[in-house]
Amino acid sequence: MKAEISAKEFKNLLKDGLTIMVGGFLTNGTPEKLVDLVVESKVKDLVIICNDGGYENAGVGKLFTNNQVKKLIASHIGTNPVVGDLMQEGEIEVELLPQGSLAEKIRAGGAGLGGILTPTGLDTVVQNGKQIIEVQGKRYLLEEPLTADMALIGGAVVDKYGNLRYLQTTRNFNPIMALASDKVVVEPFETVDEIDPECVITPYPLVDYVYREEK
Amino acid sequence: MKAEISAKEFKNLLKDGLTIMVGGFLTNGTPEKLVDLVVESKVKDLVIICNDGGYENAGVGKLFTNNQVKKLIASHIGTNPVVGDLMQEGEIEVELLPQGSLAEKIRAGGAGLGGILTPTGLDTVVQNGKQIIEVQGKRYLLEEPLTADMALIGGAVVDKYGNLRYLQTTRNFNPIMALASDKVVVEPFETVDEIDPECVITPYPLVDYVYREEK
Amino acid sequence: MDEKQIIAKRIAMELQDGNLVNLGIGIPGLVPNYLEEGKKIVFQAENGVVGLGPLTDEDTYLVNASGMKATILPGGAYIDSLLSFSLIRGGHIDVTVLGALEVDAEGSLASWIIPGKKVPGMGGAMDLVMGARKVIIATTHTNKGKPKILSKCTLPLTAAHQVDLIVTEMAVISVEPDGLHLLEVHPDYSVDDVVNATEAKLIVEKVETMKGM
Amino acid sequence: MDEKQIIAKRIAMELQDGNLVNLGIGIPGLVPNYLEEGKKIVFQAENGVVGLGPLTDEDTYLVNASGMKATILPGGAYIDSLLSFSLIRGGHIDVTVLGALEVDAEGSLASWIIPGKKVPGMGGAMDLVMGARKVIIATTHTNKGKPKILSKCTLPLTAAHQVDLIVTEMAVISVEPDGLHLLEVHPDYSVDDVVNATEAKLIVEKVETMKGM
């Protein structure tokens, strides 16, 4: 089993300016308790990488309501008006990416790639500032890799070794974020003795800390 | 359940010059019966994409012994002297690729990418003829996508819908080949009623045919 | 039937038995209500499920791409975002049905941003439009009388040249290399009604009554 | 102990508790025999297993990267080639131990081809050398007296500038920006023996007796 981590120990890992990937899709699969601890920690100037902006009082949305974010990299912010408002006011920077490109960029970061070439976003504002590479007569956008200091992983069924699988659609971005971050912190939604080796999604050597709630 | 296919029907799908991906790693996870049927069909000038050259009388090796291959794309041919001999004699072309690059190229083909950037192979003969792209001050090789007319998938546990998981290490290249080929033909190693939706590796819409042996 | 129902019903007829289909939010979500009995369609949701079933009120960790609690049908599978978009971008989705702010004569689509007003983000739409084999746009013909089918989109694009078919409450229009072909007109409207409500030039050759109406 | 055993034993001491390690074929495969009691190493095999255990004669679909029937340890997982090489190329493997045909003063490695003679292919070696955090070369010091540690490799490279440590039956040598540092010498040999068996220049400062011998 990887190291268990208490609320206090987790907060000690946090500091201003960290880049943090947060799993989940519209909060499905987001580790809410870990996000709450980030809120409590009051660290600021965070760069958050998440599929979306969550909701005003749920998921990564709580970090915007609490003014802790400098930049968000996401595919969708329509469900959280706070993010839109902060962006319009110039309080935060938002980089919007096609969801598949976001997934590929994170995976490229975790897999040691220098990037991937995708047709998605060609001839749209998404291509601004990006290299266009021609392969076999077709044009593609070069999407560069994303990595983070920390990944907060939710939706997880954790076994005694620290292997993970995920409950239903909570899987989403969690497995690729666990590959792409220096420190991987998991909030277990369920714990089991052992996960069938055929059904492990995130092998335990990728997991650094499993959050243990104090009673 | 996807269409079941008999030996005869499968052979009717084959023709000279096809590009065929064959799953397996040193024959572990290679669908031997499907390969046997390709041997029986006597089709020739095949382009074979496989991790390795198999063994002289096992796996894709049988196709070389039977002189059916024009070109092999693989990461390793050391276990099959026939491949080395045919290559030295100029009878076949062999494109050797780093195993991780081979996996990425197949996956890129299946995922609609124009390629991926990898540091693997830089400053080696692997970079010959390939674009070198600089990202964030580092050099990478552009590895272009691979696709095929057909994938022969082995190691599979198949459920009644055609979903697949794989037995132990037979998984290897099978799932990415199932993404990258026009026609996906599976040789079941085991059949079950239903695979847990959490443990499906290859969802059934990717599978075209499941081979059914005549009694 | 209201206009949304007309659009959904007509699009349902475009889906073929065995198709793998991704539906966007809004009108596209109504399409499953109109599938012919016995036609088997597999729905994919980009957040990570193949074989999506109806919505549910029960406790579940399964949501659809709008974040609503849903179900999985027998034979379904949970997948991560990476495989989900490999299916989408890799051409494994037979049909995607998406809404539009604007769609044009070149098959370009604008659907994700109204600069200065509304910036929800593109979500999965850009990959869907680029990767699905057939892209069907489900949209009201006009926005309160203002044409949405234009000779050239004015809003930032979701993708250029990817739309195959446009279905509205008035008409079915196919996008071809030479422009927009008017294929079918709803019985409540005339060809002229459609032409007048469309800013783009429509090629009118053999027009039929809208199927299923 | 023969020379292979010496090399394997010394390398086993380099592995740290909790490391994720990939071993190449040949001498590297002997390393697990020499792990200290209680030191927990997780072995990965690039064909798709995390938590590889010892070889077996039993019927199994589990093989190691040499195609030999093997076992999985508790807590292990089966993965596909894609995730396997994401682990390898993405810097998630703490240590890889590989054999060599030649290794040089710049940390470059040649291990996969002897042109005109032997063309087995690179298999997973190029990704391993590029991606693992620490690359240890396990090799006999010479090939029947002919030095294998050169100022510059003559054979086609597996990768340039990636090797961290070279362990032979004679010595332990680290690759640093200023060249090769002789760190340890086996008690059966003198520093001069090692220097004479090495074509590359060795920086000889503080040399110790090879640990564990």
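Any value given below was found using the heavy atoms of this structure, including those in side chains, with hydrogens, waters and symmetry copies removed.
More than 12 heavy atoms of other residues, nucleotides or ligands shown are found within 6.0 angstrom of NZ on A:K11.
Interface remark: A:L206 contributes side-chain atoms only to the contact with chain D (heavy atom separation under 4.5 Å). Using a 4.5 Å cut-off between heavy atoms, A:E198 touches chain D through backbone and side chain atoms alike. Heavy atoms of D:I88 lying under 4.5 Å from chain A are absent altogether.
Residues A:E32 and A:T27 have side chains that never bring a donor and an acceptor to within less than 3.5 angstrom of each other.
Contact count versus chain D (heavy atoms, under 4.5 Å) is highest, among A:L179, A:D196, A:I195, for A:L179.
Using modelled atom types, one side-chain atom of D:R89 and one backbone atom of A:A111 make a donor-acceptor pair closer than 3.5 Å. Looking at D:S84, its side chain does come within 3.5 Å of a backbone N or O of D:E46 through a donor-acceptor pair.
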